[in-house]
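Below is one structure, written out as structure tokens; comments come after it.
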Amino acid sequence: MKDMAAVDQNKDGVVDLKSEYNFAHAYYASSFDKGGKTNYYNTVTQAFLDGRKIIAGAKGEKLSSSEKAALQGHIAVINANWEKVIAESVFKYAGSVYKDIVKLEENYSDKAFSTYAKHWGELKGFALALQTGKSNLGETAVKLNRLTGMGPVLMNASQVTGVDSAGNYIKEEAQSWGEFKLHMLKIQKLMVEKFGVKAKGNDMLADMSSLASKVGSSDSAEND
Amino acid sequence: MLEYIGDIFHHFVDPKKRIFLGYLGLSIVIALLWLVFFKKKGLKSALFKVFDKKILLSGSAISDYKMFLINRVLMLVLSPYLLTQLAVATFFYYSLLSIPLSGLISLLNDTPAIVVAILFTFVFFTFDDFTKYWVHRWMHKWPVLWALHKVHHSAETLNPITVYRTHPLEGILFSFRGAFSQGTVISTFFFIFGDKVDLVTILGVNFLVFSFHVAGSNLRHSHIDIKYWVWLEKILISPAQHQLHHSLDERHYDKNFGAALAIWDWIFGSLHHSEDIDNLILGVEDNDFDPTSITELYLKPMKEISDIAAESLSSFKSLNKIFKI
């Protein structure tokens, strides 16, 4: 199943939420796999099925140590791939925000601004989700939060930077649009370096790297 | 193993490379046309001249072929560790984004994609050629760099493979130059024009590079002294002009550094037009340098560089003594 939220597989006229619906991250996993570079959806689902088989196979008895180890293996697969799916989403929405800023720089429209705000919200959501896993991301989390910001940079270049003691948002001109775009690229770079994302939706440097390969390299000992 | 052998000889089938068999074939045709129509030779004697054994199988030429093989193996090993133009482009792109220039850029939003592609192709080629001119000039002027570049100039006969008669350290310097010049142009264009940037290509090669090679770039390193009109030799370097660059005659020293374009030599005062010389003597003035010995070609430059370093270190020390006193 690729990039599908719902499908009426048995054609009974209704979507069965237990067997015919992809929830949340599973939907994202399948959408990234569409590019053919990753196989998150099947990997995670298969690990769940294999893990369940071990548990069901014990028939209510205690798991042997080898069964426990095998189960832990499946858990690790789910963990790592699920985290990557979230990192892919962060990567993708950082690219969307970048594109939205370019559009807003060209022409302002209310619609373009609301798309920008929506994409920033998605980015922030996934960036937070990434930090709710079992391991502490440490420095990566600090960088990610600083780059994403507490709110999107607004049209007058102001941005929410904190909350005062009365609970009001503090807005400041903390960074320019150019810097914010740069931060989006840095988020993409961070996702590649720390999580090894591969699907790379909305890769903002993809055009540049394809052009670089088009010109060809100059790593040859030749005298003109 | 077969794969490696394929990699070593890949330049012969890669249209991005000068020694692509298609360009070599065209160069032979151009050379024959020149000899028959301008030098009034018969076809048979023209063929003998083009495939002259004394040139293609000279001691100097044999050492070119050996260096081609050795350098290809060395560069295949080294290339993953060299700086790429993409790394430079990414770095510059990040730096450019921190400059508030969006006002200027929005003025250029309406530029049609085809104009952007033509402009990029042109600027990319010209800037690359410009940096080649300067790096080449420095290779001649600075003793440490000349120690390396001398290897190329030690050739006593020229053939298309002589381009690979290059010390590997010089090859590494050239790869830095390429990464810098290409990376800056790519990132600047992406910063200004975004995803409209493209390269105008033929057979997947920059249209201008392709034209340069089709027009007989291989004849620069050959014994066929094709000359252009005087006005054209101020814009494009003719094969004869580059052959003068290799001449032993002092009058020709430090002339015609250009790669494809002659305009840099013209602007910076190093242009020398082609001359009617029948037997140009090529090589370098250095009696203890055997241009056919592979060991010397690879090791002598290192020895010379360490001598230069030792010398400047000792003069620095004596200078230090003077100041202490």
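Letters go in sequence order (proteins before strands), and every chain restarts at 1. For the numbers below, each heavy atom of this structure counts, side chains included, while hydrogens, waters and symmetry mates do not.
With a threshold of 4.5 angstrom between heavy atoms, B:Ala260 does not approach chain A through any atom at all. Proximity to chain A (any heavy atom under 4.5 Å) is restricted, for B:Tyr93, to the side chain, taken from C-beta onward. Both the backbone and the side chain of B:Tyr94 come within contact range of chain A, judged by heavy atoms closer than 4.5 Å. Proximity to chain A (any heavy atom under 4.5 Å) is restricted, for B:Leu82, to the side chain, taken from C-beta onward. With a threshold of 4.5 angstrom between heavy atoms, B:His136 does not approach chain A through any atom at all. Of the atoms belonging to B:Ser79, heavy atoms from both backbone and side chain fall under 4.5 Å from chain A. Contact annotation for B:Asp198: both backbone and side-chain heavy atoms come within less than 4.5 Å of a heavy atom of chain A. Neither the backbone nor the side chain of B:Thr162 comes within contact range of chain A; no heavy atoms are under 4.5 Å apart.
Listed options B:Phe120, B:Phe176, B:Phe189 were ranked by heavy-atom pairs under 4.5 angstrom with chain A; first place goes to B:Phe120.
The side chain to side chain donor-acceptor pair (under 3.5 Å) check on A:His183 picks up A:Gln175, with sequence neighbours excluded.
Listed by sequence position, the residues of residues 129-145 of chain A in contact with chain B number zero, using a 4.5 angstrom heavy-atom cutoff. Within residues 188-216 of chain A, the residues that have a heavy atom under 4.5 Å from a heavy atom of chain B are A:Lys189, A:Leu205, A:Asp207, A:Met208, A:Ser209, A:Leu211, A:Ala212, A:Ser213, A:Lys214, A:Val215, A:Gly216, listed by number. Scanning residues 63-78 of chain B against chain A with a 4.5 Å non-hydrogen threshold yields B:Asn71, B:Arg72, B:Met75, sorted by number.
Under the 4.5 Å side-chain criterion, counting only non-hydrogen atoms from C-beta, B:Glu170 is in contact with A:Asn223.
Other residues, nucleotides and ligands contribute at most 12 non-hydrogen atoms within 6.0 Å of the CZ atom of B:Phe91. Summarising the local packing, CZ of B:Phe207 is surrounded by 12 or fewer heavy atoms from other residues, nucleotides or ligands at distances under 6.0 Å. In the displayed structure, B:Tyr81 atom OH is contacted under 6.0 Å by at most 12 heavy atoms of other residues, nucleotides or ligands. In this structure, B:Phe12 places its CZ atom where more than 12 heavy-atom neighbours from other residues, nucleotides or ligands lie under 6.0 Å away.
For the atom pair A:Asp224 CG and B:Phe257 CZ, the distance stands at 14.0 Å (nearest 0.5 Å). If you take CD1 on B:Ile161 and CD on A:Glu222, they are separated by 9.5 Å, rounding to the nearest 0.5 Å.
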